[in-house]
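Working notes for the structure below.
Note: hydrogens, waters and symmetry copies are ignored here, and every other heavy atom, side chains too, is used. From a predicted model like this one, the values you see are computed outputs, not experimental measurements.
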Amino acid sequence: MKATRPTDRDGVLGTKLAVPRVPTAVVRRERLLDRLDNGAATPLTLVSAPAGSGKTALLAAWLEDGRPPGNVAWLSIGAHDDERRRFWAAVVAALARSAPPLKALAIPPNARIDSLLPTLLELVGGLKRPLTLVLDDFHQVRDPATIADLDGLLEHAPERLRLVVATRMDPSFRLERLRVAGRLAEVRASDLAFTLGETEALAAELDLALAPDDVETLWRRTEGWAAGLRLAALSLKEHPDPHAFVAGFAGDDRAVSDYLIAEVISRQPAATLDFLKRTAIVDRLNGDLADALTGANGGDRILAALVRSDGLVEALDTGGAWYRYHPLFAEVLRMELARTSPRELPELHRRAGRWHADNGQPLDAVRHAVDARDWELAGEVAGEHWLSLLISGHGAVLRELIRPVPAEVVRSCPELSLATAGLLLDAGDEAAAEVLRQVARDLDHDLPEARRRRLAVAWTATDLYRARLLGNVEEAVSSASQVLDEHWQRDVADDVRALTLANLGIAEFWADRPADSARHLQEAVGLARECGNDYIQFLAQGYGAAGDAQAGRLDDAWRR
């Protein structure tokens, strides 16, 4: 059986919401823990420092000690969270996991994110215990709208809420205003840098055979940079002349990159280095994915051994199933792979795309398929999953992922044409969507029966969206009937039917068929409630309330 990624609500990867484990051979840094304790009295604690400074390790230790007041929500941010809806979906999942009263939060499709924030503030304000939200790797977020959301959240933060942001660069919040008002606590690179005493303690914890003068030299050359100290320790354990190694070690960014290549990467056994380079193309991996990328066996054993070597790989869960390379190390490995084996990159991305597709991770599958320029795989996954991704609120993310696909490729692949058309319809661009629907229609005639069967499902779904946008209730009824008669996979069947009934009810609402609209919207609400899809339930309830209000049933509308 292939391993699957643990996920939380709304499709958010479970490991993104889990507090990372504290590294082995850790040095207790009470001065920094006290600073975080003091910061808990302010709305924002900013932990800002370059990569490898020990931000995540410090926060993990603080949480492991149980020092933050009240509940704690953790979110590890990735590059693909730099999209407003996806970011807030992940935040909502983290908050709901930590504080049961916040499970009522939801982000319905097509609803404005602006409407979420007042609800969030109101629910947090009603909590009986403080709530600390930790956003790790926040430098991945550059979307101005998301930054503005958080700036507004800080401006009106309820008394119970504490925001802790770990980042490589200062976010464009109004920091000076917060600083002057005494509403900001800061931990900077100079604070995170190891003192000489902490470096000596770390060397002792790691059993490094260094003379006191060499420890001081290493401390000065690294300027107390946490990752530099740990990465240096990797080579020191096996180096024939520790004194010479320390004398030649430098801590600036260029020197660290050179060091990683010369003193870590080049010292790896050939088989281990081959494994590291080929598996570094993914953000997170387990043994099965590693085996798929390398074409070998034993990936889980190799990853576990790398974790024990300390500094190269970190485990993302207590079970040791999922791992991540240190970002700087992964970046250097990718550079080395591109330098030494550039022709292998497309095939590795193709393997990663196929593995993620087979293991229920369509967004990652499409991303790697596009990187591989494997348009057939991208079309297959996007064509199969666009509707379910749209239902779960990830339609905008998929739309961005397939944006790099050349127009001539989209127009030559009916699955991609229809998937793109469906995503454009969801975004309200009926004109552009209709062009692609016509392209797919022209390509449909010469396809094998199996592909035409799969396309028929997409056709009916896009027909329904188009009918809803145009207010064509007869077409909506016809399309909805075909979707409802379709045999969907068990895990999405109720969601698809609920969305279909909601869209049908909305089309009937605008066509002034109140009785039919009310019936179908209520059926959608019931199905959405059964399958736990808050997005669709919100959509259907909203239009149901509009129907009640239109009919003068204001009390019923208010209850909805």
Side-chain angles (χ1 to χ4, degrees), residues 8-10 12 14 16-22 28-48 55-77 87-107 116-138 141 146-147 149-167 171 173-175 177-188 191-192:
D8 214 282
R9 56 178 271 168
D10 302 332
V12 177
K16 290 167 67 69
L17 311 181
V19 179
R21 293 195 297 181
V22 177
R28 187 172 183 83
R29 309 175 76 189
E30 195 67 36
R31 62 185 179 87
L32 296 178
L33 297 173
D34 289 342
R35 185 180 286 252
L36 291 175
D37 288 346
N38 295 333
T42 65
L44 173 63
T45 298
L46 181 64
V47 184
S48 181
K55 302 181 292 294
T56 302
L58 172 65
L59 291 173
W62 186 52
L63 269 59
E64 184 177 77
D65 281 0
R67 298 173 73 134
N71 297 323
V72 175
W74 179 285
L75 175 60
S76 297
I77 298 171
F87 172 83
W88 283 110
V91 169
V92 164
L95 294 174
R97 196 185 210 205
S98 65
L102 299 184
K103 289 184 178 179
L105 280 172
I107 308 176
L116 167 76
L117 301 181
T119 304
L120 171 61
L121 290 170
E122 181 180 355
L123 288 174
V124 172
L127 293 176
K128 295 181 179 179
R129 306 183 66 204
L131 172 62
T132 301
L133 171 61
V134 181
L135 300 176
D136 196 24
D137 287 338
F138 188 75
V141 177
T146 305
I147 299 292
D149 289 341
L150 284 164
D151 212 9
L153 189 67
L154 288 168
E155 183 74 18
H156 305 287
E159 182 64 24
R160 297 292 188 188
L161 181 63
R162 300 289 179 267
L163 186 63
V164 179
V165 172
T167 177
F173 299 154
R174 287 172 286 186
L175 295 178
R177 183 172 177 176
L178 292 169
R179 193 176 288 122
V180 170
R183 294 165 57 82
L184 171 65
E186 299 174 79
V187 179
R188 295 287 177 177
D191 304 312
L192 286 163

(request) Measure the shortest side-chain to side-chain distance between Leu178 and Pro43 over non-hydrogen atoms and say whether it is less than 4.5 angstrom. (result) no

(request) For Ala166 and Lys55, work out which heavy atoms get closest and say how close. (result) CB-CB, 4.4 Å

(message) I'd like to know if the side chain of Arg97 and the backbone of Leu17 have a donor-acceptor N/O pair within less than 3.5 Å.
(response) yes

(request) Show the numbers, then the answer: is there a side chain to side chain contact (heavy atoms under 4.5 Å, CB included) between Leu161 and Leu153? (result) CA-CA 10 Å; Leu161 181 63; Leu153 189 67; 4.2 Å; yes

(request) Might you point out which heavy atoms bring Ala73 and Ser98 nearest each other, and give the distance in Å? (result) CB-OG, 3.3 Å

(message) Do Leu121 and Pro158 have side chains that approach each other closer than 4.5 Å (heavy atoms only, starting at C-beta)?
(response) yes

(request) Mind checking the CG-NE2 spacing from Leu117 to His156? Nearest 0.5 Å is all I need. (result) 10.0 Å

(message) With rounding to the nearest 0.5 angstrom, report the OG1 to CG distance, Thr167 to Asp136.
(response) 9.5 Å

(request) Taking the side chain as every heavy atom from C-beta outward, state whether Leu59 and Leu36 have any atom pair closer than 4.5 Å. (result) yes

(request) Report yes if the side chains of Leu133 and Val164 come closer than 4.5 Å at any heavy-atom pair, otherwise no. (result) no

(request) Ignoring hydrogens and angles, tell me if any N or O in the side chain of Arg21 forms a donor-acceptor pair with the backbone of Ala60 under 3.5 Å. (result) no

(request) Would you check if Leu46 and Pro171 make a side-chain contact, meaning some heavy-atom pair closer than 4.5 Å? (result) yes

(request) Write down the atom of Asp191, the atom of Arg188, and the distance for their closest heavy-atom approach. (result) OD2-N, 2.7 Å

(message) Less than 4.5 Å apart, side chain to side chain, heavy atoms only: is that true for Val92 and Leu116?
(response) yes

(message) Can a donor-acceptor pair be found, under 3.5 Å and without considering hydrogens, that links the side chain of Arg183 to the backbone of Leu44?
(response) no

(request) Check whether any side-chain heavy atom of Leu102 sits under 4.5 Å from a side-chain heavy atom of Leu131, and report yes or no. (result) yes

(request) Assess whether side chain to side chain contact (heavy atoms under 4.5 Å, CB included) is satisfied between Leu58 and Arg35, documenting all intermediate values. (result) CA-CA 11 Å; Leu58 172 65; Arg35 185 180 286 252; over 6 Å; no

(request) Tell me, please, which residues at least two apart from Glu155 pass salt bridge (charged side-chain N to carboxylate O under 4.0 Å, His left out). (result) Arg174, Arg177

(request) Taking the side chain as every heavy atom from C-beta outward, state whether Val91 and Phe87 have any pair of such atoms under 4.5 Å apart. (result) yes

(request) Return the set of residues passing ring-ring contact (aromatic ring centres under 6.0 Å, His included) with Phe138 (not counting sequence neighbours), or none when no residue passes. (result) Phe173

(message) Rounded at 0.5 Å granularity, tell me how far OG1 in Thr56 sits from CG in Asp137.
(response) 5.5 Å

(request) Keeping the roles fixed (side chain from Arg29, backbone from Leu192), state whether a donor-acceptor pair exists under 3.5 Å. (result) yes

(request) Sorted by first residue and then second, give each side-chain hydrogen bond (donor to acceptor under 3.5 Å, both in side chains) pair with at least one member in residues 66-76; sequence neighbours left out. (result) Glu30-Arg67, Asp34-Arg67, Asp37-Arg67, Asn71-Arg129, Trp74-Ser76

(message) Quick one: does any side-chain atom of Thr132 pair with a main-chain N or O of Pro68 as donor and acceptor, under 3.5 Å?
(response) no

(request) Keeping the roles fixed (side chain from Arg160, backbone from Ala157), state whether a donor-acceptor pair exists under 3.5 Å. (result) no

